[in-house]
Asks: 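This is the structure I have questions about; it appears just below.
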Amino acid sequence: MPLFSKLVVSALVSMVCALSAQQACADVRIDIKNESAEDCSVAFNARVDKTKWMTVGWYVFMAGEEAPVILKGANDIHDVFIYHDCDMSHKDNAELKEAWVKTNLKFTDFRPMENEEGYEEVTFERLNTPFYTISSPQR
């Protein structure tokens with residue numbers, strides 16, 4: 001096999017391996033916008049592989065702030081659930097999930113923290129798009 005052909009095959013194999021690795025462990029970007037009049041803390045519950053979940057928080061968004069969050073290790077936006085502490089009201093058709101969050105500190109958990117001291121159970125809502133807006137409650 002000529003040297004040029006070997007180089008081309010080697011480059012193609014490297015590219016396919018790199019693309020496969022990215023798909024197997026992709027990160028998820030979520031663009032958050034806080035349209036409420038108060039600062040809001042946000043937490044996520046996301047699938048990181050076929051059997052494991054990660055719960056991570058707190059990302060604080062000031063009133064009017066807009067910024068992305070990158071969930072490292074999450075694979076698909078449809079396997080991400082969101083919770084925030086600003087009077088979260090769920091859509092009628094929303095898929096909900098209960099999970100435990102640390103009540104007062106930043107955290108990343110790869111195992112359920114059910115009934116652990118300093119944790120509380122909250123209701124997360126499944127994301128359908130990579131964009132999420134925190135709105136003021138309807139009064």
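When a residue number appears, it is its place in the shown sequence, counting from 1.
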Asks: Any idea which heavy atoms bring Ala74 and Val48 closest together, and the distance?
Replies: N-CG1, 4.3 Å
Asks: Taking Phe44 as the fixed residue, which of Tyr83, Phe81, Tyr59 is the one that meets the ring-ring contact (aromatic ring centres under 6.0 Å, His included) rule?
Replies: Tyr59
Asks: With clusters defined by side-chain heavy atoms of hydrophobic residues (ILVMFWY) lying less than 4.5 Å apart, directly or transitively, does Trp100 cluster with Trp53?
Replies: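 No, Trp53 does not connect to Trp100 through the hydrophobic network.
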Asks: Side chains of Lys106 and Trp58: does their closest heavy-atom pair fall under 4.5 Å?
Replies: no
Asks: I would like to know whether Glu120 and Thr103 meet side chain to side chain donor-acceptor pair (under 3.5 Å); could you show each step before the answer?
Replies: CA-CA 6 Å; Glu120 69 178 333; Thr103 55; over 6 Å; no
Asks: Do Val42 and Met88 sit in the same hydrophobic cluster, where Ile, Leu, Val, Met, Phe, Trp and Tyr count as joined when their side-chain heavy atoms come under 4.5 Å apart?
Replies: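 Per the 4.5 Å side-chain linkage, Val42 and Met88 are co-clustered.
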Asks: Count I, L, V, M, F, W, Y as connected when their side-chain heavy atoms are under 4.5 Å apart, and connections chain through other members. Are Val28 and Phe110 then in the same cluster?
Replies: yes
Asks: Any heavy-atom pair between the side chains of Ile30 and Leu127 that's under 4.5 Å?
Replies: yes
Asks: Is the shortest heavy-atom distance from the side chain of Arg29 to the side chain of Pro68 under 4.5 Å?
Replies: yes
Asks: Would you call Lys91 and Glu125 a side-chain contact if the rule is heavy atoms closer than 4.5 Å?
Replies: yes
Asks: Give a yes or no on whether a salt bridge exists between Arg111 and Asp109, defined as a side-chain N under 4.0 angstrom from a carboxylate O.
Replies: no
Asks: Would you mind reporting whether Phe61 and Asp39 have side-chain heavy atoms less than 4.5 Å apart?
Replies: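 A side-chain contact under 4.5 Å is absent here.
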Asks: Please identify each residue that fulfils salt bridge (Lys or Arg N to Asp or Glu O under 4.0 Å) with Lys33, with sequence neighbours left out.
Replies: Glu35
Asks: Taking everything shown except Lys72 itself, do over 12 heavy atoms lie less than 6.0 Å from its NZ?
Replies: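 No, not enclosed.
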